[in-house]
Amino acid sequence: MGSAGPDIADIDFDDLTSPRLTEVQQQILEFTEAKRVEFDIGRMLAEAVEQAGADDLDDTDGFADRLIAHVGAIEADGGLRQLTRSTLRQRVVRLLRNRLSLTELIKRYPEIESIRIEKPFIVVGMPRSGTTHLVNLIAADPRRRALPYWESQEPIPARGEGPDIFGVDPRYARAKAEHDALMVSAPVVAAMHDRFPEAIEEEVELLDLDLAGYVLEWHARVPDWRDYYLALDQTRHYAYLKKVLQALTFLRGPRTWILKSPQHCEQLGPLMATFPDATVAFTHRDPVAVVQSAITMMAYSDRLRRTTIDPGWLLDYWTDRVHRLLSACVRDRELVPPERSIDVNFHQLNGNELPLLDQLYRRGGVELTPKVRNRFQQYLDGNPRGKHGRIRYDLQRHFGISAEELRGRFDFYFDRFDVRPE
């Protein structure tokens, strides 16, 4: 590591594709690789039922089939370490438990499905294009409901489970324990995408309660799952997402949300059908920056997640995946009315945020008060870009491709939007 200044370090991976594991990482793998993790759907469902205290999965639209396809895709990835298989098994149980708890909650309080989700702001753009920065900034507006990471993982509390004697929600405590463990095993993750418990997260985690989203692509090599879920009628799954948001509004309000996800780029039709009064901020950035950041993060994570690292596979898959997402965005951008949307270029998100927010709030018909403006400024002052350190990317060294060659695959995107090469 070199120094980029008195407080910010440059992070240079000289072992990205041939990792040198720390002693802690070696100990973790020695412990977790000793026993094979099994994906028995019956057992996982039984665990979820026990945790939720409920047994209705609401399988009215083929959820069981999606569960089989989801688990089958994980099993088909033969390169996963047992550590990753354990994490993904826990994730399946958690999704099932959350779904069971949601169904039970709505049975007890059917008025939940009558709650209006009013005029949400939705940020749509690629990973690393400023979406996280923008959504966390807008979430500083106390009139807006946002989704913190801890709540995205367990949106619905299990029946009978509440805060401890100190007022700490056990869902928050579990998320914090997971984050603390991650910081011990892979601390550089914070410089890439720090998911601390209070950080604002993507609602695609809620969409995954219906097992119809792209999250699994980030955890395993599952092209069959990608093809499976993209063939689904996403309108009904976005309707399920809305139901989860209604439940969260019921549990702790308010009903005016700030949302964001890259997946929305290729689902603008279902998104707008579900939230017809939304105001949308599209973020745009040089796809080279998006791809290199994504595959560098994936390659670094794979030192613990997989038995081998395949930089060529990562380059090919995620270049194609970003290409698909951006192609759909270019194709469907006009589905969002210009009077209720703005396009934000990444180079604008560096000291020019407040004028952009002025524009967004005007399009949404919402007053940007001096109090809220002051909160925005406080957030900006406390969260400078790269505060956890900055990654030094090297596509040629790690992935055998130049930035210019990769950028040439996205001419259609540069032709449509005002995007600056980086």
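Side chains included, hydrogens not; waters and symmetry mates left out as well; all remaining heavy atoms used.
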Quick one: does R340's side chain get under 4.5 Å of V280's, heavy atoms only? no
What's the spacing between S261 OG and L207 CG if we round to 0.5 Å? 8.0 Å
Establish, yes or no, whether a centroid distance under 6.0 Å links the rings of H264 and Y238. yes
Applying side chain to side chain donor-acceptor pair (under 3.5 Å), run through S341 and R333 and close with a yes or a no. CA-CA 10 Å; S341 61; R333 172 64 180 85; 3.0 Å; yes
Go through E203 and K243 one step at a time and tell me if the salt bridge (Lys or Arg N to Asp or Glu O under 4.0 Å) criterion holds. CA-CA 12 Å; E203 65 276 4; K243 183 162 64 174; over 6 Å; no
Scan side-chain atoms only and decide if S402 and R407 contain a donor-acceptor pair under the 3.5 Å cut-off. no
Full working for side-chain contact (heavy atoms from CB on, under 4.5 Å) between R303 and R20: CA-CA 9 Å; R303 65 182 54 202; R20 298 185 298 274; 5.9 Å; no
Can any side-chain N or O of Q348 pair as donor or acceptor with the backbone N or O of N345 at less than 3.5 Å? yes
Please give me the minimum heavy-atom distance between R252 and A146, naming the atom from each residue. NH2-O, 4.3 Å
Is the shortest side-chain heavy-atom distance between F417 and V330 below 4.5 Å? yes
Pair H323 + F410: ring centers closer than 6.0 Å: yes
Measure the shortest side-chain to side-chain distance between L102 and P155 over non-hydrogen atoms and say whether it is less than 4.5 angstrom. no
Got a second to check how far L137's CG is from L357's CG, nearest 0.5 Å? 5.0 Å
If you compare all heavy atoms of L259 against all heavy atoms of W257, which two are closest, and at what distance to 0.1 Å? CD2-CE3, 3.7 Å
Are the side chains of L349 and E353 in contact, using a 4.5 Å heavy-atom criterion? yes
For H219 and T84, which heavy atoms make the closest approach, and how far apart are they? O-CG2, 4.1 Å
Pair R285, S129: side-chain N/O donor-acceptor within cut-off below 3.5 Å: no
Determine whether a donor-acceptor pair (N or O, by modelled atom type, separation under 3.5 Å) exists between the side chain of D210 and the backbone of Y240. no
State, to 0.1 Å, how close L314 and I295 come at their nearest heavy-atom pair, and which atoms those are. O-CG2, 3.4 Å
With ring centroids as reference points, do F121 and Y361 lie under 6.0 angstrom apart? yes
Okay, side chain of N136, backbone of I200: is any donor-acceptor separation there less than 3.5 Å? yes
What is the ring orientation for H70 with W225, classed by angle as parallel under 30°, tilted 30 to 60°, or perpendicular over 60°? perpendicular
I112 side, atom CD1; L245 side, atom CG - distance, nearest 0.5 Å: 12.0 Å
Tell me whether R99 contacts the main-chain N or O of L57 through its side chain, where contact means a donor paired with an acceptor under 3.5 Å. yes
Please confirm whether the backbone N or O of T256 pairs with a side-chain atom of E118, one donor and one acceptor, at under 3.5 Å? no
Verify the distance criterion only: is there a donor paired with an acceptor across the side chains of R97 and S101 at less than 3.5 Å? yes
Checking L354 against F376 for the side-chain contact (heavy atoms from CB on, under 4.5 Å) test, could you report, in this order, the C-alpha distance in whole Å, the side-chain angles of both residues, the deciding distance, and whether it holds? CA-CA 8 Å; L354 289 179; F376 288 158; 3.7 Å; yes
What do the steps show when you test R420 against D286 for salt bridge (Lys or Arg N to Asp or Glu O under 4.0 Å), and what is the final call? CA-CA 6 Å; R420 291 182 183 176; D286 182 354; over 6 Å; no
Do you know which two heavy atoms are closest between R81 and T307, and how far apart they sit? CG-N, 3.9 Å
Carboxylate-amine/guanidinium proximity below 4.0 Å for E339 and R363: no
Heavy-atom check, side chain of L67 versus side chain of L96, under 4.5 Å: yes
For the pair L83 and R305, evaluate side-chain contact (heavy atoms from CB on, under 4.5 Å) and give the outcome as yes or no after the intermediate values. CA-CA 7 Å; L83 172 64; R305 298 193 307 183; over 6 Å; no
Is any side-chain heavy atom of Q153 less than 4.5 Å from a side-chain heavy atom of N98? no
May I ask you to decide if Q292's main-chain N or O and H398's side chain share a donor-acceptor pair within less than 3.5 Å? no
Working to the nearest 0.5 Å, report the span between CG of L209 and CG of L95. 6.0 Å
Could you tell me if R66 sits above the aromatic ring of Y229, with its cationic atom closer than 6.0 Å to the ring centre and no more than 45 degrees from the axis? no
Hey, mind stepping through H284 and F414 against ring pair (Phe, Tyr, Trp, His ring centres under 6.0 Å) and telling me if it holds? CA-CA 10 Å; H284 303 288; F414 286 93; over 10 Å; no
Under the salt bridge (Lys or Arg N to Asp or Glu O under 4.0 Å) rule, what do R321 and E266 come out as? Steps first, then yes or no, please. CA-CA 11 Å; R321 199 67 190 88; E266 61 188 0; 2.7 Å; yes
Identify whether the distance between the nearest side-chain nitrogen and carboxylate oxygen of R362 and E367 falls below 4.0 Å. no
Looking at CG of L360 and CD1 of I138, how far apart are the two atoms once the value is rounded to the nearest 0.5 Å? 5.0 Å
Ring center gap for W218 and W318 short of 6.0 angstrom: yes
Test the R174-W150 pair against the cation-pi criterion, namely NZ or CZ under 6.0 angstrom from the six-membered ring centroid and within 45° of the ring axis. no
Nearest-0.5 Å distance that lies between atom CE in M272 and atom CG in D277: 8.0 Å
Do Q90 and S86 meet the criterion of a side-chain donor-acceptor pair at a distance under 3.5 Å? yes
Do the charged groups of K107 and D56 touch, with an N to O distance under 4.0 Å? yes
Salt bridge present between E113 and K242 (N-O < 4.0 angstrom): no
Can you confirm whether D310 sits close enough to R221 that some side-chain heavy atom of one is under 4.5 Å from a side-chain heavy atom of the other? yes
Yes or no on side-chain contact (heavy atoms from CB on, under 4.5 Å) for H133 and Y379, after CA distance, side-chain angles and deciding distance? CA-CA 10 Å; H133 174 63; Y379 177 84; 4.2 Å; yes
Sub-4.5 Å side-chain heavy-atom contact between D394 and F399: no
E111 CD: over 12 foreign heavy atoms closer than 6.0 Å: yes
How about K260 and T132: does a side-chain donor come under 3.5 Å of a side-chain acceptor? yes
Could you tell me whether the side chains of Y317 and E217 share a donor-acceptor contact shorter than 3.5 Å? yes
Will you find, in the side chains of E154 and Y172, an N or O donor that is under 3.5 Å from an N or O acceptor? no
Correct closest heavy-atom pair for S293 and R128 would be OG-NE, 2.8 Å
With a 3.5 Å distance limit and no angle check, can you tell me whether D59 reaches the backbone of F63 through a side-chain donor-acceptor pair? yes
Any side-chain to backbone donor/acceptor pair from D343 onto F282? Under 3.5 Å, distance only. no
